[in-house]
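Take a look at the structure set out below.
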Amino acid sequence: MDAETVALIPQVLHAQQLQTLDLTGGAPELHPEFRSLVREARGMGVKVMDRCNLTVLLEAGQQDLAAFLASQGVTILASLPCYQAENVDRQRGKGVFARSLEGLRRLNRMGYGLEGSALELHLVFNPLGPTLPPEQNALQSAYKTELAKHGVVFNELKVMSNMPIQRFADHLEQEGRLVTYKELLRANHDHENLAQVMCRTLISVDWQGKLYDCDFNQMLGLTSPLGGHLKDLLQPVCGNAPIHVADHCFGCTAGFGSSCGGALRRG
């Protein structure tokens, strides 16, 4: 995202009276405007959430990153697909589990995830294959027990279903399992999960400033009926906007539902 587009974000936060700025990327912390944007949003009283991949905390030049995030009261959401090294390294690469644990310990040392602390540290889980995630509370308990053995604590575990899109969909299609997985999601649709789907409370913005109803629609190029570009939100939006939906949306409503997503969130 170029500096001109980044500069629109605080203006839109003000114009739409948004309460949360949710930053994601690969590693949003490496963007040259990341820290200035965080400071400006926090100065406006806006909650900032950082989708942190944890290993970025160990990168050269980022030694003070954990301290910066803590000083600004940034909420951390970090993906950790399993509490076992073998599974994480198989999915993310050799050594990623150990580096992720060290990143978590650095955040813990800043006060993140500790009982009584205002600094929130949440982990995000999604299954390794075409299955529904387990019930969130039970899995959270297992994560807390196992990670405590490594000296790591956190606040909550969020669960996400794997979306049948992009590389995951291509992989399933090659194995002849894409149709079956889509049928699984549709068969397990729970109407009650509609109350928490991310597209009802957020606006997803890509690096060019284009608008989408969720990050998954962004990956598919399904632009939001709300408008075409971030600059279109410099004026207040009245009433409820329609949402662009398709078959992959069952990934958020199946089973126990998916409990988090992110970009710019409506108040």
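Side chains included, hydrogens not; waters and symmetry mates left out as well; all remaining heavy atoms used.
The distance from the CD1 atom of Ile165 to the CD atom of Gln218 is 10.0 Å, given to the nearest 0.5 Å. Remark: Leu54 CG to Ser79 OG distance equals 8.5 Å, nearest 0.5 Å. If you take CG on Leu185 and OG on Ser161, they are separated by 6.5 Å, rounding to the nearest 0.5 Å. We find the OG-NE2 distance between Ser36 and His31 to be 9.0 Å, quoted to the nearest 0.5 Å. Rounded to the nearest 0.5 Å, atoms CG (Leu69) and OG (Ser71) are 7.5 Å apart. Summarising the geometry, atom CG belonging to Leu77 is positioned 7.0 Å from atom NZ belonging to Lys158; distances are rounded to the nearest 0.5 Å.
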One pair to check against side-chain contact (heavy atoms from CB on, under 4.5 Å): Leu233 and Ile203. What are the steps and the verdict?
CA-CA 10 Å; Leu233 299 181; Ile203 304 163; 3.8 Å; yes
Run the side-chain contact (heavy atoms from CB on, under 4.5 Å) check on Leu121 and Thr75 step by step: do they pass? CA-CA 6 Å; Leu121 171 60; Thr75 295; over 6 Å; no
As a quick check of understanding, evaluate ring-ring contact (aromatic ring centres under 6.0 Å, His included) for His248 and Phe216, giving each step before the final call.
CA-CA 8 Å; His248 66 280; Phe216 306 116; 7.1 Å; no
*Would you check, one step at a time, whether the test salt bridge (charged side-chain N to carboxylate O under 4.0 Å, His left out) holds for Lys231 with Glu4?*
CA-CA 11 Å; Lys231 62 186 177 183; Glu4 182 179 359; over 6 Å; no
Practice item. List the steps and the verdict of side-chain contact (heavy atoms from CB on, under 4.5 Å) for His191 and Thr253. Key: CA-CA 7 Å; His191 186 78; Thr253 65; over 6 Å; no
For this session: Could you please spell out the steps behind the side-chain contact (heavy atoms from CB on, under 4.5 Å) verdict for Leu157 and Leu139?
Result: CA-CA 8 Å; Leu157 179 73; Leu139 186 60; 3.5 Å; yes
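Under a cut-off of 6.0 angstrom, the local environment of CD in Glu192 is sparse, with at most 12 non-hydrogen atoms contributed by other residues, nucleotides or ligands. The environment of Glu175 atom CD is dense: over 12 non-hydrogen atoms of other residues, nucleotides or ligands sit within 6.0 angstrom.
Using a 4.5 Å heavy-atom cutoff, the side chains of Asp50 and Val38 are not in contact. Between His150 and Phe97 there is a side-chain heavy-atom pair separated by less than 4.5 Å. For the pair Gln11/Leu230, no side-chain contact is recorded, criterion being any heavy-atom separation below 4.5 Å from C-beta on. In this structure, the side chains of Leu184 and Leu132 come closer than 4.5 Å at one or more pairs of heavy atoms. In this structure the side chain of Lys210 never reaches within 4.5 angstrom of the side chain of Ser224, judged on heavy atoms. Looking at Phe125 and Tyr83, their side chains never come closer than 4.5 Å, going by heavy atoms from C-beta outward. Side chains of Leu104 and Leu123 form a contact here, defined as non-hydrogen atoms less than 4.5 Å apart. In this structure the side chain of Gln19 never reaches within 4.5 angstrom of the side chain of Leu13, judged on heavy atoms.
Side-chain contact of Ser100 with Arg92: a donor-acceptor pair under 3.5 Å is absent, judged by distance alone. Neither side chain, Asn137 nor Gln140, offers a donor N or O lying under 3.5 Å from an acceptor on the other. Side-chain contact annotation: Glu173 with His171, donor-acceptor N/O pair under 3.5 Å absent.
Among residue pairs with one or both ends in residues 123-150, those qualifying as salt bridge (Lys or Arg N to Asp or Glu O under 4.0 Å) are Glu146-Lys149; sequence neighbours excluded. For residues 29-44, every residue pair satisfying the salt bridge (Lys or Arg N to Asp or Glu O under 4.0 Å) rule, not counting sequence neighbours, is listed here: Arg35-Asp64.
For Asp190 (side chain) and Ala254 (main-chain N/O), no donor-acceptor pair under 3.5 Å exists by modelled atom type. Formation of a donor-acceptor pair under 3.5 Å by the Asp89 side chain with backbone atoms of Glu86 is not found in this model. With His122 contributing its side chain and Gly113 its backbone, the two residues share no donor-acceptor pair below 3.5 Å. No donor-acceptor pair under 3.5 Å is formed between the side chain of Asn162 and the backbone N or O of Asn126. No donor-acceptor pair under 3.5 Å is formed between the side chain of Gln91 and the backbone N or O of Pro81. A donor-acceptor pair under 3.5 Å is formed between the side chain of Asn217 and the backbone N or O of His244. Checking side-chain atoms of Tyr143 against main-chain N and O of Leu80 turns up a donor-acceptor pair under 3.5 Å.
With respect to Arg105 and Glu102, a salt bridge is recorded, a charged nitrogen being found less than 4.0 Å from a carboxylate O. Salt-bridge annotation for Asp247 and Arg186: present, with a side-chain N of the basic residue lying under 4.0 Å from a carboxylate O of the acidic one.
You'll find the ring centres of Tyr112 and Phe154 outside the 6.0 Å limit.
Across all non-hydrogen atoms, the minimal contact from Ala246 to Leu222 is CB-CD1, 4.5 Å. Nearest heavy atoms, Val56 versus Asn53: N-OD1, 3.0 Å. Between Leu114 and Asn108 the shortest heavy-atom distance is CD1-O, 3.7 Å. Scanning both residues, Asp213 and Pro225, for their nearest heavy atoms gives OD2-CD, 3.4 Å. In this structure, Pro164 and Tyr181 approach most closely via the heavy-atom pair CB-CD2, 4.0 Å. Across Leu107 and Ala66, no two heavy atoms sit closer than the pair CD2-CB, 4.1 Å.
The cluster map of Ile, Leu, Val, Met, Phe, Trp and Tyr, joined by side-chain heavy atoms under 4.5 Å apart, puts Leu37 and Met1 in the same cluster. No continuous path of ILVMFWY side-chain contacts below 4.5 Å connects Val197 to Val159, so the two sit in separate hydrophobic clusters. Hydrophobic clustering, with ILVMFWY side chains joined whenever heavy atoms are under 4.5 angstrom apart, keeps Val245 apart from Tyr212. A continuous path of hydrophobic side-chain contacts links Leu23 to Leu119 [ILVMFWY only; heavy atoms under 4.5 Å]. Cluster membership check: Leu194 does not share its hydrophobic cluster with Met160, using side-chain heavy-atom separations under 4.5 Å among Ile, Leu, Val, Met, Phe, Trp and Tyr.
Among residues two or more places apart in sequence or in another chain, the side-chain hydrogen bond (donor to acceptor under 3.5 Å, both in side chains) test is passed with Asn193 by none.
For the side chain to side chain donor-acceptor pair (under 3.5 Å) with Arg51, the qualifying choice from Asp215, Asp22, Thr24 is Asp22, the only one to do so.
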